[in-house]
Amino acid sequence: MTDPVLFTAAATAGTYALVRGYQRLQLSLAKHPSLTGHTRMAKRVAGLIPGYAYDEARFFGSDDAPPEVVARRRAAFADLCAWYAARFERSSALTAQARDAISDLQFTGAYRVPFQYSPYLRQHLRLGSFVRASSGVEVEDLDGNRFHDLTGSYGVNLFGYDFYKSCIAEGSARVEALGPVLGQYHPCVAENVQALRRISGLDEVSFHMSGTEAVMQAVRLARYHTGRTHLVRFPGAYNGWWEDVQPGPGNPLAPRHTYTLRDMHERTLHVLRTRRDIACVLVNPLQALHPNAGAPGDSSLIDSSRRAGVDRGAYARWLRQLRAVCTERGIVLILDEVFVGFRLAPGGAQEYFGVKADLVTYGKTLGGGLPVGVLCGRADLMKRYREDRPADICFARGTFNAPPYVMGAMNVFLQRLDSEPVRSLYDGLDARWSDRLARMNAALQAEGLPVRVAGLSTIWTVLYTEPSRYNWMFQFYLRQQGLGLSWVGSGRLIFSLNYGEAEFGEVVSRFVAAARAMREGGWWHGQSKASNREIRRSVLKEMLARRLGRA
Ligand SMILES: Cc1ncc(COP(=O)(O)O)c(C=O)c1O
């Protein structure tokens with residue numbers, strides 16, 4: 001006869017295994033089917049991709065274009081290189097000289113375009129990474145070339161560079177008597193805190209040195225207070241470069257306590273409703289522009305399948321669903337507004353999408369031009385110690401937390417944010433930028449150019465309407481026309497709110513001129529027969545052949 005104790009133990013273990021298996025399945029089902037949704041696998045795949053570079057023939061003819069098209073490309077490229085060499089002489093010379101000792105320059109230089117094209121391109125087309133002045137909407141390089149700035153300084157530049165210069169100057173004057181004293185606060189910190197409480201609608205504030213750190217602290221506090229381990233994030237979302245928020249490629253370690261779940265999907269809600277190990281959900285509202293996809297950099301632009309577009313109502317509904325399930329399950333909802341905070345509305349993404357988070361991170365523009373990260377949150381979640389267990393603390397300090405000069409510049413920024421001239425910039429903001437987006441697209445369409453733009457307010461990305469392997473070349477034509485782009489190229493254009501009608505009109509005409517030059521150069525030649533899918537498949541085959549040593 002079976003021992004009843006053994007039987008009960010076996011039955012319990014069986015039930016446990018079934019429940020675990022079911023939960024695992026639910027988790028798998030809640031992942032986005034793309035590699036972006038499978039971070040572990042993506043990391044493994046990334047490790048398998050072999051390094052190789054195109055020679056001259058492949059550089060110009062990787063799509064097997066007709067010989068006359070390849071010849072046009074060669075001639076256009078030679079012209080472009082000559083033009084760059086003449087126009088960017090000093091900036092590119094200093095860049096070449098400094099490159100070997102600045103790791104970041106080496107990295108960004110290598111990843112401006114798909115890696116196969118990068119060495120040949122870098123050898124011939126010299127770019128400058130040094131600039132010396134800014135004013136209005138323009139930035140000037142060492143050779144005196146002036147660019148309409150579309151880098152937005154990674155999103156910091158919301159109101160125009162002159163605005164931040166004066167925030168820094170005025171802010172420095174406000175704290176001058178105290179100078180660089182740390183560990184105690186300049187009185188303006190108390191004012192900043194009051195303003196941030198009002199803006200965020202939350203109780204407490206902590207200051208950090210970067211957005212990455214603010215997010216890190218938000219996640220740590222969520223884990224501390226819930227006693228749970230896992231963070232839920234969404235595919236492709238950037239929340240800083242710290243390990244837990246960047247599982248997969250880019251991170252030397254495999255993901256440990258992070259679930260990357262499908263954005264805007266019922267199955268994710270189901271996982272949140274049923275698992276017990278989830279401490280927080282981390283949302284970067286910029287994903288509204290491209291849910292479940294990574295930041296669109298040109299280094300991965302091997303075809304024309306980049307997609308983007310905002311459905312504000314749908315994303316707002318999604319955030320409200322997340323809010324409801326987080327409340328129901330005691331999960332902390334963190335809105336990471338480091339990028340979009342103040343850009344969409346004076347009250348940030350909370351105001352824009354009509355959702356209330358438990359913790360909100362800010363950074364970038366809030367420092368008035370100086371580096372900062374800020375976390376605002378509910379009092380019970382912000383507390384770093386427990387009265388009943390005094391040794392159990394959630395430690396978070398930093399030498400440069402709330403330094404006087406940053407706090408001074410922030411003080412000016414926050415006061416101006418409340419002033420009439422700045423408030424008025426937000427009037428009709430969405431309508432104005434939607435209209436500008438439509439005008440840009442109309443201008444491109446009118447000339448039959450295979451390019452469009454999509455955007456979330458002032459954050460735009462360039463889309464390509466015909467399959468091509470050479471879209472990444474477009475960024476160099478845009479620069480030639482005096483449009484300043486960051487290292488991610490046409491993936492991200494960021495406008496500041498001081499772009500008036502005249503400046504914007506100039507951007508449109510330069511953009512169209514760049515697209516015309518790109519087409520004339522044969523990079524878009526209209527005879528390509530391969531679909532985006534076929535292009536991807538051929539690149540994959542090529543990688544496989546390299547991997548197997550058959551190429
Ligand atoms: C949404 C978001 N969170 C966090 C960060 C990290 O901020 P920082 O670069 O200041 O560390 C960024 C930076 O781009 C961001 O866009």
Side-chain angles (χ1 to χ4, degrees), residues 103-104 107-108 111 150-158 164 200 206-222 231-247 250-251 258 260 263 280-297 308 310 315 319 333-344 348-350 352-353 355 357 359-377 396 398 400-403 406 409-410 413 455-461 485-488 491-494:
S103 326
D104 210 41
F107 179 80
T108 54
Y111 285 88
L150 300 178
T151 72
S153 282
Y154 297 122
V156 169
N157 184 18
L158 177 57
Y164 296 91
S200 66
S206 67
F207 295 103
H208 307 273
M209 285 168 282
S210 66
T212 297
E213 263 194 280
V215 172
M216 195 186 293
Q217 173 64 351
V219 173
R220 279 161 63 93
L221 283 168
L231 142 74
V232 166
R233 66 181 279 277
F234 296 104
Y238 185 69
N239 298 101
W241 56 273
W242 156 62
E243 184 181 301
D244 284 22
V245 295
Q246 199 188 56
N251 184 348
T258 302
T260 299
D263 218 344
C280 56
V281 175
L282 178 61
V283 180
N284 174 359
L286 179 56
Q287 289 303 108
L289 181 56
H290 37 68
N292 294 303
V310 180
Y315 197 72
L319 291 183
L333 179 63
I334 306 170
L335 214 53
D336 179 2
E337 298 209 29
V338 169
F339 197 119
V340 299
F342 308 100
R343 194 167 268 281
L344 302 179
Q350 290 197 106
Y352 188 77
F353 290 112
V355 69
L359 296 172
V360 179
T361 54
Y362 300 104
K364 296 200 191 258
T365 196
L366 176 58
L370 296 180
V372 82
V374 166
L375 173 62
C376 297
F400 280 99
N401 289 357
V406 175
M410 184 190 291
F413 176 91
L456 171 65
S457 190
T458 48
I459 308 164
W460 289 17
T461 186
L485 306 180
S486 76
W487 71 282
V488 298
R492 207 47 108 227
L493 314 181
I494 305 171

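Indexing begins at 1, ligand by ligand and atom by atom, following the structure's order. It should be emphasised that the depicted structure is a prediction, and the values quoted were computed from it without experimental measurement. Side chains are part of it too, since the values below use all heavy atoms of this structure and drop only hydrogens, waters and symmetry mates.
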For F339 and Y238, run ring pair (Phe, Tyr, Trp, His ring centres under 6.0 Å): C-alpha distance rounded to whole Å, both residues' side-chain angles, the deciding distance at 0.1 Å, then the answer.
CA-CA 10 Å; F339 197 119; Y238 185 69; 9.3 Å; no
For this session: Examine the side chains of N239 and D336 and answer whether a donor and an acceptor come within less than 3.5 Å of each other.
Result: yes
Pocket residues around ligand 1 (non-hydrogen, under 4.0 Å) come out as S210, G211, T212, Y238, N239, G240, N284, D336, V338, F339, K364
Residues passing the side chain to side chain donor-acceptor pair (under 3.5 Å) test with S210, sequence neighbours excluded, are none
Pairs of donor and acceptor atoms involving the side chains of residues 362-369, under 3.5 Å and at least two apart or interchain, shall be tabulated with distances.
{"from": "K364", "atom 1": "NZ", "to": "Y154", "atom 2": "O", "distance (Å)": "2.9"}
{"from": "T365", "atom 1": "OG1", "to": "V156", "atom 2": "O", "distance (Å)": "2.9"}
{"from": "T365", "atom 1": "OG1", "to": "Y164", "atom 2": "OH", "distance (Å)": "2.5"}

Taken in chain and number order and not counting sequence neighbours, the residues that satisfy side chain to side chain donor-acceptor pair (under 3.5 Å) with S200 are none
Between V374 and S206, is the side-chain contact (heavy atoms from CB on, under 4.5 Å) condition met? List the steps. CA-CA 6 Å; V374 166; S206 67; over 6 Å; no
